[in-house]
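Each remark here refers to the structure printed beneath this line.
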Amino acid sequence: MKFGPLLLTCINALIRNPMRAMLTVLGIVIGIAAVVAIMEIGNGSKKQIADQMAGLGADVINVFSASTRTAGVSGGMNTRASIYAEDADAIVKECGDTVETATPVVRANAQVIVGNKNWSPNSIVGGNENYLDIEGWEVDSGSPFTKEHVTNSSRVCLIGSTIARELFEGEDPIGKDIRIKDVMFTVIGVLATKGADMGGNDKDDCIILPWSSVRTRLKGASNEATITAGGAANRSSVSSTDTFSTSAVDFYPGSDLQPFTNAPHPLRTLTVDFISVKVKDVTTISQTMDDMAAVLRRQHRLEPGVLDDFTLRDRAQFTKMVTSTADTMSTLLIAVAMISLVVGGVGIMNIMMVSVTERTKEIGLRMAVGARPVDIMWQFLLEAVLLCITGGILGIALGRTISLVVAAKTGLPVESSPTAMLLAVSVSAIIGIIFGWYPAYKGSKLDPIDALHHE
């Protein structure tokens, strides 16, 4: 028989007994629905966990300068002044496919004074307008500083809730001045409470400013800076209204010296403490770090064979946590899918075996009028596949409905996956072939005379 008449024969056979067909499909419907619903809820939960881990910094890479070595003594990481704000711009520009944003970071230590009260914060840190997003901060009241504040080294700051409580004692600090190292800054925002970090340190005991303000106003960077490298001196004036870069300064002078030598190093009047980079996907951090290293080597004009004058550090503990959680959930989903589909497949085989037994006379009659064993086999195999595909489609609809209802009632996130739906239909068809083969094979091996005499 050709495929068209064979398909029509199978459909007519299934329609003749709709209750049996419905019961046969039921196992596949339940199995596929369970798989689709669990995968959608699971994918949404994985995304939520990844977002939460990202809020803790799992998606952040820090760029530090390398170490110096004098008379055989290493100064340790971040002792070589070799990281500039321009490096952050280069990373975002050249790694835009994997990097979302970046910020230079400058730290300071100082006492903060308001009236007759004083306080020593855990951290005074400066960044650009993207710093809050990178570190997962939100502004509870007021507003964050802007790019113009960074460009102009504005005397504005954001304070944590601990600073607000200790220095302002319930008063609204927005618009008020605080003194840091004899420099007056205006409070333009109060950060949302974060509590303690994993080490027990109070994250709300902080002040965040434009990085340019920290470097020039709190760390004493003068308007003239001297950069010395390889014995050559360059002088250039730096205006307080620019972005603290000038084409007249040779930031990255060429040198065939290794960075871990007694060679003179740039002064810290033009460098930043480190750079924080936020990646788009925590699973691509390793590749992103390789791309960033290549960009920094070009940016710093490092010849082949010259050691890096920078160090990249990711927050590996959080990254491993995200990866481990995602892998565990994926394994669980696969296990549930296999169990559900195997149960549905066994139901298909069982019903098809009963169908072959009940339709023995029909098989004998078809063989008597010229049907070949392969025609009988294809008929029952195609019936099993049709049942499974129908069950897969109904299961997808039911699973999608279940996931939406669960999301609406419990607030759990869901994330649809067209690929998973297509895979579910494909798997259901494969199940029909696997579990429908034996009943079809058994029916094709019946002897026509014995089949016609069957009661």
Side-chain angles (χ1 to χ4, degrees), residues 54-55 57 59-60 62-63 83-93 95-96 99-108 110 112 114 121 123-164 167-168 172-181 183-194 203-219 221 223 238-246 269-280:
D59 59 348
V60 175
N62 291 330
V63 182
I83 302 298
Y84 297 90
E86 289 74 14
D87 294 336
D89 297 332
I91 290 171
V92 173
K93 180 180 179 180
C95 301
V99 169
E100 183 173 331
T101 186
T103 177
V105 179
V106 182
R107 295 185 179 276
V112 182
V114 175
S123 68
I124 299 176
V125 61
N128 64 13
E129 66 278 5
N130 300 315
Y131 181 83
L132 300 184
D133 177 50
I134 292 174
E135 294 297 332
W137 283 103
E138 294 182 359
V139 177
D140 187 47
S141 62
S143 60
F145 53 80
T146 64
K147 185 176 181 179
E148 287 71 26
H149 290 136
V150 177
T151 301
N152 298 324
S153 302
S154 301
R155 291 183 296 171
V156 296
C157 67
L158 306 171
I159 62 175
S161 57
T162 299
I163 303 293
L167 294 181
F168 294 95
D172 185 6
I174 305 299
K176 294 185 170 59
D177 293 333
I178 64 174
R179 181 153 57 95
I180 308 173
K181 275 191 176 181
V183 180
M184 301 302 293
F185 289 86
T186 301
V187 178
I188 61 172
V190 178
L191 300 169
T193 301
K194 271 194 173 184
K203 300 191 70 173
D204 301 313
D205 190 9
C206 69
I207 300 178
I208 301 176
L209 309 91
W211 69 269
S212 53
S213 302
V214 176
R215 192 180 68 179
T216 58
R217 302 185 186 279
L218 299 183
K219 302 194 76 171
N223 285 340
V238 181
S239 170
S240 62
T241 61
D242 64 15
T243 57
F244 300 95
S245 65
T246 172
T269 50
L270 289 179
T271 60
V272 296
D273 291 343
F274 62 95
I275 295 173
S276 289
V277 180
K278 183 177 182 180
V279 301
K280 295 180 179 179

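Count residues from 1 along the sequence.
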*Check whether any side-chain heavy atom of Asn62 sits under 4.5 Å from a side-chain heavy atom of Val60, and report yes or no.*
yes
*Distance-minimising heavy-atom pair for Ser161 and Thr193*: OG-OG1, 3.3 Å
_Would you compute the distance between atom OG1 of Thr103 and atom CD of Glu135 and round it to the nearest 0.5 angstrom?_
8.5 Å
*asked:* Taking the side chain as everything from C-beta on, heavy atoms only, tell me whether Ser213 gets closer than 4.5 Å to Phe185.
replied: yes
*Nearest 0.5 Å please: distance from the NZ atom of Lys194 over to the SG atom of Cys206.*
8.5 Å
*Heavy-atom check, side chain of Asn128 versus side chain of Pro104, under 4.5 Å*: yes
*side-chain hydrogen bond (donor to acceptor under 3.5 Å, both in side chains) assessment of Thr101 paired with Asn130*: CA-CA 7 Å; Thr101 186; Asn130 300 315; 2.9 Å; yes
*Under 3.5 Å, is there a donor-acceptor pair between the side chain of Lys176 and the main chain of Ile188?*
no
_Would you compute the distance between atom CD1 of Ile207 and atom CD1 of Ile124 and round it to the nearest 0.5 angstrom?_
5.0 Å
*Between CD1 on residue Ile163 and CD1 on residue Ile208, distance to nearest 0.5 Å*: 11.0 Å
*Give the minimum heavy-atom separation between Ser276 and Val105, together with the two atoms involved.*
OG-CG2, 3.8 Å
*Which pair of heavy atoms, one from Ile275 and one from Ala102, lies closest together, and at what distance?*
CG2-CB, 4.4 Å
*Is any side-chain N of the basic residue among Asp273 and Lys219 closer than 4.0 Å to the acidic one's carboxylate O?*
yes
*asked:* Between Asp87 and Ile83 (side chain of the first, backbone of the second, donor and acceptor by atom type, cut-off under 3.5 Å), is there such a pair?
replied: no
*So do the side chains of Leu191 and Leu158 get within less than 4.5 Å of each other, counting heavy atoms only?*
yes
*Rounded to the nearest 0.5 Å, how far does CD of Glu129 lie from CD1 of Ile134?*
9.5 Å
*Straight-line distance of Tyr131 OH to Leu209 CG, nearest 0.5 Å*: 10.5 Å
*Can you name the salt bridge (charged side-chain N to carboxylate O under 4.0 Å, His left out) partners of Asp133, sequence neighbours left out?*
Lys278
